[in-house]
2 protein chains.
Amino acid sequence: MADKSSKTNKVSLSQVAKAAGVSKMTASRVLRGDGGYSEKTRALVMQKVDKLGYLPNRLASVFAGDQISTFVGVSIPDLGNEIFAQVLEGIDRKLGAFGHQTVLGLTQHTPEEEENWIRTVLSWQPAGLILTGRSHAPRAIEMLRNAAIPIVEIWDLNSSPLDMSVGINHFDAGFDMGRYLVGCGYRNIAYVGTSHDTANAATTRLAGFTKAVEGGGGRVTRHLCLHDTAAYYPGFYGTEQLLASTTDVECIFYQNDAMAFGGMQYCTANGMDVPGDIGIAGWGNLPIASVMPKRLTSMHVPHLKLGQVAAEMMLARLSGEPVVNYRDIGFKLIPGSTVKNVMARG
Amino acid sequence: MADKSSKTNKVSLSQVAKAAGVSKMTASRVLRGDGGYSEKTRALVMQKVDKLGYLPNRLASVFAGDQISTFVGVSIPDLGNEIFAQVLEGIDRKLGAFGHQTVLGLTQHTPEEEENWIRTVLSWQPAGLILTGRSHAPRAIEMLRNAAIPIVEIWDLNSSPLDMSVGINHFDAGFDMGRYLVGCGYRNIAYVGTSHDTANAATTRLAGFTKAVEGGGGRVTRHLCLHDTAAYYPGFYGTEQLLASTTDVECIFYQNDAMAFGGMQYCTANGMDVPGDIGIAGWGNLPIASVMPKRLTSMHVPHLKLGQVAAEMMLARLSGEPVVNYRDIGFKLIPGSTVKNVMARG
DNA sequence: TTGAAAGCGTTACCAA
DNA sequence: TTGGTAACGCTTTCAA
């Protein structure tokens with residue numbers, strides 16, 4: 001009547017073994033395909049596995065053996081930003097194909113959230129961690145060091161990573177964009193992005209951008225929308241706010257293509273011609289760019305690939321292969337036609 | 001020289017206990033804040049925890065005690081579709097706020113992928129599962145039944161769910177859109193979406209849509225782009241293909257707003273006026289709609305809320321509260337101005 | 001080819 | 001307020 005097994009009605013290895021009339025060990029070996037058993041035994045055990053609907057308890061096996069867990073913790077700032085959704089997709093697809101599972105952490109760009117998440121996820125004994133960004137709370141860094149597991153920092157390339165790093169140099173990417181716009185003749189340039197408590201890749205990018213623009217004799221007016229994900233509408237109203245408080249802006253550089261598109265919509269809706277009256281530049285070469293009537297001036301970064309490469313580095317490390325712990329996946333400026341060469345006319 | 005502890009250099013509870021000169025049990029109680037110890041003991045133990053940098057091993061505690069795991073498995077078709085990214089964000093934020101972790105599974109809309117993922121994730125003894133969609137492989141269903149853990153099926157409302165269900169009735173939503181377009185006077189209507197091996201919510205929607213249109217004396221020409229995520233560019237080229245092979249289409253209904261936007265860009269780029277020459281209707285009321293020059297005719301579904309509600313149902317169930325196991329979160333037609341009332345002129 | 005015993009880090013249960 | 005012991009499901013190690 002009452003099942004002897006305590007609370008759960010889960011089928012355990014010993015029940016399978018008992019049903020098959022062999023020891024736990026033999027059943028265990030069969031299930032892992034370790035070898036060291038007869039074909040007859042194997043067939044018998046597998047039959048019982050099917051019959052009883054046995055599912056291994058990985059909690060127990062990882063815990064018991066020295067086995068490595070198949071969990072990989074992945075921290076992502078937010079999914080409202082399509083860039084990170086793509087990165088996550090790249091990571092999870094690759095990881096999943098190799099039998100690993102993603103434990104997600106949405107950190108909202110704050111080191112505190114990240115620290116808490118790291119503490120929790122480490123307690124699950126993950127095989128490794130993939131973290132977006134390079135700045136972490138001091139206590140997080142300490143925990144990461146102690147954990148002694150593979151760690152990949154992605155997005156903002158870190159020349160002295162905790163362990164491994166993939167991404168691009170955002171300062172350089174920002175600088176290149178700044179130089180390009182200055183080269184087009186723009187001097188009075190604005191930046192519209194979102195604002196966060198912490199320095200992140202966008203901040204670094206803006207620093208590089210500003211350096212290039214100022215170095216070229218121009219100046220950058222910043223407008224940061226508070227606490228919003230970098231999406232279409234913040235681009236729209238950020239532009240509205242910017243233009244209400246500033247005059248003579250010749251060109252706007254946005255945190256990403258979504259914001260750039262939103263901004264461009266604001267401009268055209270208000271009778272401005274792009275790039276005739278104002279130049280627009282985005283960042284990321286996102287899917288939306290593929291259907292815009294004018295090619296958006298932007299910076300291509302292979303997001304999906306970034307995720308895949310991060311996962312590959314993790315997997316290689318986990319399987320003991322040699323790994324380069326630093327990979328620049330590069331970026332490419334897309335001139336587009338939403339900015340024009342101002343020099344040409346004056 | 002050599003640390004006695006086997007392979008890992010991880011600090012265990014007994015090491016903390018030993019350092020503090022108490023038993024494992026006392027240390028354990030302190031860490032869980034169970035009560036049943038003196039303040040002096042507590043302080044001593046906590047001091048050693050800090051000093052040694054002890055992190056609990058949740059694998060062990062979930063395994064040992066009757067404790068419930070804090071993992072919740074979440075399956076999502078793909079993240080290229082902004083709708084699902086929003087749903088996932090809603091789920092993870094809510095779950096995270098209550099100390100639970102999301103184990104992600106990207107199923108690519110295939111029941112096989114889902115089945116494999118379910119098998120794996122169940123082996124980690126999750127507290128519960130949140131699954132997108134209502135159709136699952138037979139063996140998956142069997143495993144889910146045996147697992148006897150809370151399960152929330154989301155997106156396509158299931159009147160006889162495995163356990164719990166949140167979402168909307170996609171047939172009805174499709175029907176409403178069909179009725180609306182017919183009511184505007186359109187008769188020769190096309191549908192552009194992506195094609196998958198399995199029936200999914202979009203399929204159901206299309207069925208409802210078709211029924212309404214045909215019931216109103218119209219007809220639906222379908223064009224499905226193979227194996228693409230429902231994004232901007234497939235909407236663009238899907239429209240191109242459709243219009244190349246069909247004539248007299250008066251209005252196009254898309255799988256979602258992203259595709260609708262892509263399609264609209266194709267139309268305007270090719271000299272068609274929207275809605276003058278052709279009507280456009282999307283689905284989802286996605287962020288992109290907020291910056292479009294014309295309000296896009298669409299169907300609003302609260303995606304983020306959907307995710308939050310799913311997580312809330314899961315959390316309520318896990319904490320033993322009474323839960324309604326079926327929740328229709330509703331949808332709302334957005335008339336917009338990318339379709340027009342054709343009746344008016346004829 | 002097979003099995004018995006010990007142990008992984010923690011908690012439940014009972015005793016002191 | 002504390003501690004000892006057993007147990008969770010599995011694997012490692014060693015012996016048969």
Side-chain angles (χ1 to χ4, degrees), chain A residues 3-45 48-49 52-70 122-126 147, chain B residues 3-46 48-49 52-70 122-125 147:
Chain A
D3 197 282
K4 55 126 78 72
S5 152
S6 55
K7 44 274 165 174
T8 70
N9 48 2
K10 283 174 189 151
V11 185
S12 76
L13 226 207
S14 6
Q15 291 173 51
V16 172
K18 187 187 291 178
V22 299
S23 73
K24 279 197 304 186
M25 266 322 298
T26 302
S28 169
R29 280 190 275 249
V30 169
L31 275 153
R32 280 173 298 150
D34 253 8
Y37 43 79
S38 65
E39 168 53 28
K40 190 182 138 199
T41 307
R42 196 199 62 79
L44 184 60
V45 170
K48 296 303 177 190
V49 164
L52 299 175
Y54 170 74
L55 278 185
N57 182 336
R58 303 214 80 239
L59 237 50
S61 52
V62 169
F63 174 56
D66 237 346
Q67 282 196 257
I68 206 158
S69 146
T70 53
L122 281 181
S123 73
W124 284 103
Q125 320 296 116
Chain B
D3 197 282
K4 59 125 78 72
S5 153
S6 55
K7 43 276 164 176
T8 68
N9 49 2
K10 283 172 188 150
V11 184
S12 76
L13 227 206
S14 3
Q15 291 173 52
V16 172
K18 187 186 291 178
V22 299
S23 74
K24 283 198 300 189
M25 270 318 299
T26 302
S28 170
R29 280 188 277 250
V30 168
L31 274 153
R32 280 174 297 152
D34 254 7
Y37 43 79
S38 66
E39 169 53 28
K40 191 182 137 199
T41 307
R42 195 199 63 78
L44 185 59
V45 170
M46 290 314 280
K48 296 303 177 190
V49 164
L52 299 174
Y54 168 75
L55 277 186
N57 181 338
R58 301 215 79 237
L59 241 47
S61 54
V62 169
F63 174 58
D66 240 346
Q67 282 196 255
I68 206 160
S69 145
T70 53
L122 281 181
S123 73
W124 284 104
Q125 319 298 115

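Keep in mind it's a predicted model, so treat the numbers as computed, not measured. A, B, ... follow the sequence lines: proteins, then strands. Residue 1 opens every chain.
- Looking at residues two or more places apart in sequence or on another chain, you find a salt bridge (charged side-chain N to carboxylate O under 4.0 Å, His left out) between A:R42 and A:E39.
- A side chain to side chain contact (heavy atoms under 4.5 Å, CB included) with A:S28 is found for exactly one of A:V45, A:L13, A:V16, A:V22, namely A:L13.
- An aromatic stacking contact between B:F63 and the base of C:dT10 is absent, as defined here by ring centres under 5.5 Å apart and ring planes under 30° from parallel.
- The side chain of A:V22 approaches C:dG3 more closely than any other nucleotide in the set D:dC10, C:dG3, C:dA12.
- To the nearest 0.5 Å, the span separating CE on B:M25 from CG on B:D34 amounts to 7.5 Å.
- Residue A:W124 contributes atom CH2, which lies 13 Å from atom C1' of C:dG9 at whole-angstrom precision.
- Minimum interatomic distance between B:P56 and A:S123 (heavy atoms only, all atoms of both residues): O-CB, 3.2 Å.
- For the pair B:P56 and A:K24, both in contact range of DNA chain C, the more 5′-proximal nearest nucleotide belongs to A:K24.
- DNA chain C is contacted by B:R32 of residues 30-42 of chain B, taking any non-hydrogen atom closer than 4.0 Å.
- Between A:P126 and A:S69, the closest heavy-atom pair is CA-OG, 3.9 Å.
- Between B:S23 and D:dG3 there is a side-chain polar atom (N or O) within less than 4.0 angstrom of OP1 or OP2.
- Interatomic distance, A:K24 NZ to A:L31 CG, rounded to the nearest 0.5 Å: 13.5 Å.
- In this structure, the helix from C:dT1-D:dA16 to C:dA16-D:dT1 shows an angle of 30° between the axis at its start and the axis at its end, each fitted on 5 base pairs and rounded to 10°.
- Taking atom CG of residue B:N57 and atom C1' of nucleotide C:dG9, one finds them 6 Å apart after rounding to whole Å.
- Proximity of A:S61 to the phosphate of D:dG9: no side-chain N or O atom is located under 4.0 Å from OP1 or OP2.
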Step-by-step side-chain contact (heavy atoms from CB on, under 4.5 Å) determination, B:V62 to A:W124: CA-CA 10 Å; B:V62 169; A:W124 284 103; 3.6 Å; yes
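- Residues A:R29 and A:Y37 come closest through the heavy atom pair O-CE2, 3.4 Å.
- The shortest non-hydrogen separation linking B:V11 to B:Y54 is O-CD1, 3.2 Å.
- Here C:dT10 presents its C1' atom at 14 Å from CD of B:Q15, a figure rounded to the nearest Å.
- Rounded to whole Å, atom C1' of D:dG3 lies 16 Å from atom NZ of B:K18.
- Between D:dT2 and B:T26, no contact under 4.0 Å exists linking OP1 or OP2 to a side-chain N or O.
- Across all their heavy atoms, B:K10 and B:Q15 have their closest contact at O-NE2, 3.5 Å.
- Per the geometry, CD1 belonging to A:I68 stands 16 Å off C1' belonging to D:dT11, to the nearest Å.
- At a cut-off of 3.5 angstrom, counting only N and O atoms as typed in the model, there is a donor on one side and an acceptor on the other between the side-chain of A:R29 and the base of C:dG3.
- Looking at the side chain of A:A64, the nearest of the listed nucleotides D:dC10, C:dT11, C:dA4 is D:dC10.
- Put simply, B:S28 has a side-chain N or O that comes within less than 4.0 Å of OP1 or OP2 on C:dT11.
- Among the nucleotides D:dG4, C:dA5, D:dG9, the one closest to the side chain of A:M25 is C:dA5.
- Summarising the geometry, the separation between CG on A:L13 and C1' on D:dC10 is reported as 7 Å, rounded to the nearest angstrom.
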